[in-house]
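Numbers here simply count residues along the sequence, with the first being 1.
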Amino acid sequence: QVQLVESGGGLVQPGGSLRLSCAASGSIFRFYAMSWYRQAPGKQRELVAIITSGGTTNYADSVKGRFTISRDNAKNTVYLQMNSLKPEDTAVYYCNAPNNPWGQGTQVTVSS
């Protein structure tokens, strides 16, 4: 199994930026498609972005043009660069590798 540890969340003002990181254990990380999800209070967990093992990316419509997912296979890490943040981006953000346990998540709060 792949163990996932997210970091980089925090409190940021609207229009600000954050970069989330997800460190993964295991030598087979590079074979996984990796994704970022988020869950706001009282809402279902939703897919934010995904990156395949080959580097192809896809995004939820709500974050297109603002968020960028990337990966560094040498570091077993996937990133989510979040720009032009909005209050509605406030949520706990999780990374995911298929058929593996979820990490603990990292809180992102966008507020003035």
Colleague: Are the side chain of Asn100 and the backbone N or O of Val2 linked by a donor-acceptor pair below 3.5 Å?
Modeller: yes
Colleague: If we only count heavy atoms from C-beta on, is the Glu6 to Leu20 side-chain gap below 4.5 Å?
Modeller: no
Colleague: Hey, does Tyr32 have a side-chain heavy atom less than 4.5 Å from the side chain of Pro98?
Modeller: yes
Colleague: Please round to the nearest 0.5 Å and tell me the distance separating atom CG of Asn76 and atom CD of Gln3.
Modeller: 12.5 Å
Colleague: Hey, does Thr109 have a side-chain heavy atom less than 4.5 Å from the side chain of Val12?
Modeller: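 No - every pair of side-chain heavy atoms lies 4.5 Å or more apart.
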Colleague: Using every non-hydrogen atom in the two residues, find where Leu47 and Ala60 come nearest and quote the distance to one decimal.
Modeller: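 Nearest pair, atom of Leu47 first, then Ala60: O-CB, 3.5 Å.
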Colleague: Does the side chain of Tyr93 come under 3.5 Å of the side chain of Arg38 through a donor N or O and an acceptor N or O?
Modeller: yes
Colleague: Looking at every non-hydrogen atom in both residues, tell me the closest pair between Gly105 and Tyr94 and how far apart they are.
Modeller: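 Scanning both residues, the minimum pair turns out to be CA-CD2, 3.6 Å.
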Colleague: Taking all non-hydrogen atoms of both residues into account, name the closest pair between Ala40 and Ala91 and its distance.
Modeller: N-CB, 3.8 Å
Colleague: Less than 4.5 Å apart, side chain to side chain, heavy atoms only: is that true for Val78 and Ile51?
Modeller: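 They are in side-chain contact.
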Colleague: Using links of under 4.5 Å between side-chain heavy atoms of ILVMFWY residues, direct or through other members, which residues join Tyr79 in one cluster?
Modeller: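 None, because no other hydrophobic side chain comes under 4.5 Å of this residue.
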Colleague: What are the two closest non-hydrogen atoms of Ala23 and Thr77, and how far apart are they?
Modeller: CA-OG1, 4.2 Å
Colleague: Closest approach of Leu4 and Cys95, non-hydrogen atoms and distance?
Modeller: CD1-O, 3.6 Å
Colleague: Drop me the distance from Ser112's OG to Leu11's CG, to the nearest 0.5 angstrom.
Modeller: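 Between Ser112 OG and Leu11 CG, I get 9.5 Å after rounding to 0.5 Å.
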Colleague: Within the structure provided, determine whether Tyr59 and Thr68 are in side-chain contact (heavy-atom separation under 4.5 Å).
Modeller: yes
Colleague: Any chain of hydrophobic side-chain contacts (each under 4.5 Å) joining Leu18 to Tyr37?
Modeller: no
Colleague: Do Phe67 and Trp36 touch side chain to side chain, with heavy atoms closer than 4.5 Å?
Modeller: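 SC-SC contact between Phe67 and Trp36 ruled out.
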Colleague: Would you call Lys64 and Asp61 a salt bridge, using N to O less than 4.0 angstrom?
Modeller: yes
Colleague: What do the steps show when you test Val108 against Met82 for side-chain contact (heavy atoms from CB on, under 4.5 Å), and what is the final call?
Modeller: CA-CA 10 Å; Val108 172; Met82 305 186 296; 3.8 Å; yes
Colleague: For the residue pair Asn83 and Gln81, establish whether any side-chain heavy-atom pair is separated by less than 4.5 Å.
Modeller: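 When only atoms from C-beta onward are counted, Gln81 and Asn83 do touch, with a gap below 4.5 Å.
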Colleague: How far does CD1 of Ile69 sit from OG1 of Thr56, to the nearest 0.5 angstrom?
Modeller: 11.5 Å
Colleague: Show me the pairs that pass salt bridge (charged side-chain N to carboxylate O under 4.0 Å, His left out) and involve residues 67-77, at least two apart or across chains.
Modeller: none
Colleague: Looking at Ser35 and Ile50, would you say the former's side chain and the latter's main chain have a donor-acceptor pair under 3.5 Å?
Modeller: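 Such a contact is absent between Ser35 side chain and Ile50 backbone.
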Colleague: What I'd like to find out is whether the side chain of Pro14 reaches to under 4.5 Å of the side chain of Pro87, using heavy atoms alone.
Modeller: yes
Colleague: Check for a donor-acceptor pair, side chain of Ser53 on one end and backbone N or O of Ala33 on the other, with a separation under 3.5 Å.
Modeller: no
Colleague: Is it the case that over 12 heavy atoms from other parts of the model lie below 6.0 angstrom from the CD atom of Gln44?
Modeller: no
Colleague: Measure across Ala49 and Leu80 and return the closest heavy-atom pair with its distance rounded to 0.1 Å.
Modeller: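 So the minimum-distance heavy-atom pair works out to CB-CD1, 4.2 Å.
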Colleague: For the atom pair CD (Gln107) and CD (Gln39), what is the distance rounded to the nearest 0.5 Å?
Modeller: 11.0 Å
